[in-house]
Amino acid sequence: MSYIQFDHVVKEYPSGEESIRALDDASFTADKGGLTIILGASGAGKTTALNILGGMDTLSSGTVKVDGRDISGLSRKEQTLYRRSDIGFVFQFYNLVASLTALENVELASQICPDHFDPRETLEKVGLGNRLDNFPSQLSGGEQQRVAIARAIAKRPKLLLCDEPTGALDYVTGKQILQLLQDISQREGMTVVIITHNTAISAMADKVIHFRSGRVYNSTDNPRPLPVAEIEW
Amino acid sequence: MSSALLKDTWRTSVRNWKRFFSIVVITTLGVAVLTGIYAGCRDMLLSADRFYDAQGLFDIQVVSSAGLTDDDVTALSKVEGVQTVQAEMSASVNTDVAGTSKSATINRIGGQGLNKSYLQEGVLPSKSGQIAVTRQFIVDSGLHIGDTLDVTASDTDSSSGAASAQGEPVFPGSYTITAVVLDPSDIANPEGYSTGAFRSNDAESYAFFVSSSSMEGSLYTAISLRVSDAEQLDTFSDEYSAKVQQVVSRIEDSVAPERQRARERQLTAQVQEAQRQAAADSVSDATGRSSAEASDESLSIPTVQWHVQNRSSITTYSNLKSDLSSIESIGRAFPVVFLAVAILMSLTAMTRMVEEDRGLIGTYLGLGYGKIAIITRYVGFALAACLLGGVLGNIVGFVGIPVFLMQVLKGLYVIPDVSLSFDPAYGLGGVALFTVGVVVSTLLACRGETSLTPAQLMRPKSPKAGSRVFLERFTWVWGRMSFLNKVTVRNLFRFKSRLLMTVGGIAGCTALIVCGFAINDTVQTLGSKQYSDIDRYDLLSVAASDETAAAMKERLADDGKVKSSVEVRVGSAEMLNAEGNSESIQLIVVPDGQDIAPMVDLRPASQGLGRMFGFAKAPSERPRLTLGDDGILVAQSAANAMGISGNSTVSLRADGLDQQKVKVQAVFRNVIGSDVFISQSLYESSFGVKEAGFVTNAVMATLNGDEDSQISYAQRLVKSSDVASAISTADMERSFAFDLMSAVVALIVVLAGCLALVVLFTLASTNVSERVREMATLKVLGFTDREIHLYVNKEMLILTLLGTLLGLPLGRVVGGMLTGVLDMPGMFFEVEINWVSYVISAAATLFFAFIVQFSTNMVLNRIDPVGSLKSVE
């Protein structure tokens, strides 16, 4: 029994008389504590899959199970509570609250979640122990993304979902962020799912899933993931 | 502008319908307030003007202390600028109204078409024995058309001497009522609600109208004149007054002195004739009267005095004018606040709209569109909203509000055929004012973004940096605050301009509401202040004449109703200030040795800033004033309009006495009426009254029994022929009402409430629009809807509370300034705001805030976290 079960999921958006299928019978699984990378071109349906997995979108048919729990039929309110307790999100744009310091941005997440990591320690973990009291505008892009990651993992989520986390970062900084995500998966045993269109980085993952036109056309397990530092692209 | 840009402009406008709506509503309200009150007053005044012109109301009326003759008519008709002359004949009569004898005046309907009564019902009298009466009389007497009306000549004509009886009108004693008419010189509405005793205490004289065949004689009561070309002018305008005043001066300077002397010679001749007759009689009588007596009689020929009056001498004309001018003064002050708020809000809304389109502006500039084309997008949007608001505002202002005001005014005055009219200068000017304000603020909003390069614009704007707030230095406070409260405080200080806009906007609206209530409370408490606090007496009884004073005092003593009393002399007088403006006052002479304190609580008036801001000491804590012998005490309500203060010198013209200058000792707190207190010594020395000749003709008294019994006692008392008037302060207080003002206030409160709602709505939607990303982030983090509402609303609530708290005292100040503007003769608006009014104002603002919060919550719920976070802002 896999930790994540994405089973024959269809997602349709009405568009005039026609309807667009963003996900067309997509199925995949992922294991607990693993780092999964979802690859695909724009419009392949990977973001839709991630949003459904994260409780931010609903599906038209099929089932999605996380840790044995069926999340495909959740109400709006249940979705909110699911996001609150089980999901950590990281976006391309860091979406930090500008009026809060780094520490406070992490507290923003931890304070609504009873079972959470200490925000200070979490920031130290992502390497920002000395920037706790800085505001987002005083941090570099990479540092801001670290704060966003700290904010996502401080809730002790079941899943850490990252949508193009390096999209707005330069090569070196991007690599550091990916390394951090790999470390979180390997050392903390966190289940991490990363969306990217950069095929080169798939070597760092435990599992790689390829999306094309709303379908999963290939899913490969990688028994020996490489450390990010060893990957060049 | 290319068609693609036009299309996009149109679609943008449709998408931004909320902003469009805000600007439309604010402009509508502003233009409506600016034009509405003015238009309502103008329509009423124009209708009154038309009515006066249609009825041929006199521009000038000449009355004389010894009647007027055909020679006077001829002389007056020759004066330059006089168009028409009509001799008026009237007679004082008594008639029975619902069991009591009341005085009335029978007027002969003139032949020159002046002062025509407006026929409301029936047929105007044409034959002898027919009479037209007023609605007031119908209401009071219960008679109808076709009923018989009996009158008896009142025998009060002793002043003009026996000789003047020659030519006095002769008229039948019994009539058939054929018509109900409206006398253009008395347009007060008899069926409307009471406007209070302070207005109508001396109006208990009825006017009747008969045809010339019912009244014959050669001596006229008055001569009415119409001034050439005055009909074209608005009777309430300064041009009209100036034009009429020219002719008045001409009459006073040339015709009046000449005709007065001629009339005196004529009367002297008549008296001499009578004396010769009398002498002849006495000779034939043989008992004989001394010649000294006869020569005494010759001395009694009165000096003939003409009074040349204009329309201001007509009570309802002056009342209408002062009522409307006081409403207009309110109408002038409020739009300023509305305009300020409109500019503030359109600046907020348009700035945000331009900011939201940042990337789009960059794209257009990048495509090679000019700055002008882009600015036109937004100016066009604002302009369209403004013009639509202006049109709606003009509709409300020139139709809605005037119709409402007229409903209220119709209760006070009867003016047939009141019609609405549009004043292009005011209507279009008002729209222009708001348009300029909104367009200029739109240009300001555009200036920032369009001056950047396309590349800069297409990059996201760096978010406003967070920063420490001063409160964090107080670690023991900061440490104790919950996390979300810290966030709230940070955000409050982070968006300083929003803080100022919100607090300012809400404070303004609260202040407007408080202001409305201030006027209302001030007016509502005038009665109890005057008749309970200041006037301690329960009854002021004035004798019919000096001769009946003793009988009246005896009656009061015998009835046993009086608890304590003070005797005074009460008379009417004119008071003139240094500039020569006059005001009629009630002169109260306090006999030496009498203490007026138990009857009237004389306290110094509050003045200046203390009065405006309400810092003045409570009246009861101010030292009591005692009337001295070197100056008079003037009521604040009389002094205020004339700019009189302590140590001023004024001239007094008391009845039958020469005009004299006296010093003002102090101005005392008084809100209704025009009382002036003078000591007996000063009265005697100033006016040369001999001590022996001084008689008290009035009694101020406190009474036993409850208010009802006091009122009925006063009513019984006044029926006595010894008593001219018996005023119960309890009755005055009860009948004091000021419905007109309350209606205007209600209007203002409603409009201010609408404004508050739009302001809050605009601010809240701008706030949400600026922070969509922040809200989306919170949603992703798993904040529930309720938590997000709380997160946003806590800030708005704090700002609303701050604004409300600031608005309450602000309203007090603005209310003070406004009521200071409301100068009405015989009234002083001592600002009073009931604490309930503050509570209602605050509650109304908070209620609006909650309504807006509710709609904001709906918007927050609709924010889609995924969509909002993917894009660059």
Side-chain angles (χ1 to χ4, degrees), chain A residues 42 47-48 50-52 54-58 76-113 116 119 133-139 144 148 151-152 154-155 157 161 163-164 167-168, chain B residues 459-469 472 475 478 481-496 498-499 770-792 795 860-873:
Chain A
S42 309
T47 298
T48 309
L50 195 76
N51 287 340
I52 289 173
M56 298 220 288
D57 211 343
T58 52
R76 232 179 90 90
K77 195 160 177 137
E78 286 165 336
Q79 275 187 341
T80 304
L81 292 173
Y82 167 69
R83 285 203 300 271
R84 189 184 182 114
S85 57
D86 295 350
I87 300 296
F89 255 108
V90 175
F91 293 92
Q92 177 180 357
F93 305 104
Y94 333 112
N95 293 319
L96 298 180
V97 179
S99 59
L100 299 180
T101 62
L103 180 63
E104 287 161 349
N105 262 288
V106 180
E107 285 175 341
L108 190 63
S110 64
Q111 54 99 28
I112 57 165
C113 196
H116 58 83
D133 291 331
N134 286 87
F135 286 98
S137 56
Q138 299 163 322
L139 299 172
Q144 288 191 55
R151 187 173 68 183
K155 294 200 295 183
L161 305 177
D163 192 350
E164 300 275 9
Chain B
R459 276 197 296 273
K461 195 178 180 180
S462 51
K464 211 166 162 19
S467 61
R468 308 244 159 237
V469 298
E472 290 177 54
T475 30
W478 190 251
M481 281 168 67
S482 80
F483 178 76
L484 273 183
N485 285 342
K486 287 181 192 171
V487 177
T488 305
V489 171
R490 277 268 174 71
N491 279 336
L492 285 179
F493 287 97
R494 181 171 158 222
F495 301 103
K496 286 198 187 65
R498 194 175 67 211
L499 182 136
E770 278 173 358
R771 297 168 67 186
V772 168
R773 257 180 121 72
E774 193 177 330
M775 299 306 126
T777 306
L778 295 180
K779 284 195 173 191
V780 173
L781 286 175
F783 275 63
T784 59
D785 287 350
R786 255 199 75 236
E787 284 166 337
I788 291 172
H789 298 167
L790 197 70
Y791 183 88
V792 176
E795 281 172 40
L860 289 174
N861 289 351
R862 277 199 300 272
I863 291 177
D864 168 27
V866 185
S868 315
L869 290 178
K870 266 203 292 199
S871 61
V872 186
E873 186 171 51

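All values reported here derive from a predicted model rather than from experimental measurement. Quick note: numbers below take in every heavy atom, side chains included, and nothing from hydrogens, waters or symmetry partners.
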[atom1] of [X] to [atom2] of [Y]: how many Å apart, nearest 0.5 Å?
X	Y	atom1	atom2	result
A:R83	B:K779	CZ	NZ	8.0 Å
A:L96	B:R773	CG	CZ	10.5 Å
A:T80	B:L781	OG1	CG	12.0 Å

Requested in this report: Mark yes or no for whether A:R84, through its side chain, and B:F783, through its backbone, hold a donor-acceptor pair below 3.5 Å.
Outcome: no
Between [X] and chain B, with a heavy-atom cut-off of 4.5 Å, which part of the residue counts as in contact: side chain, backbone, both or neither?
X	answer
A:S85	neither
A:L108	both
A:D133	both
A:Q111	side chain
A:K77	neither

Query - Heavy-atom check, side chain of B:D785 versus side chain of A:R76, under 4.5 Å - result: yes
Query raised in the report: Is there a side-chain contact between B:T777 and A:R151, using heavy atoms and a 4.5 Å cut-off?
Result: yes
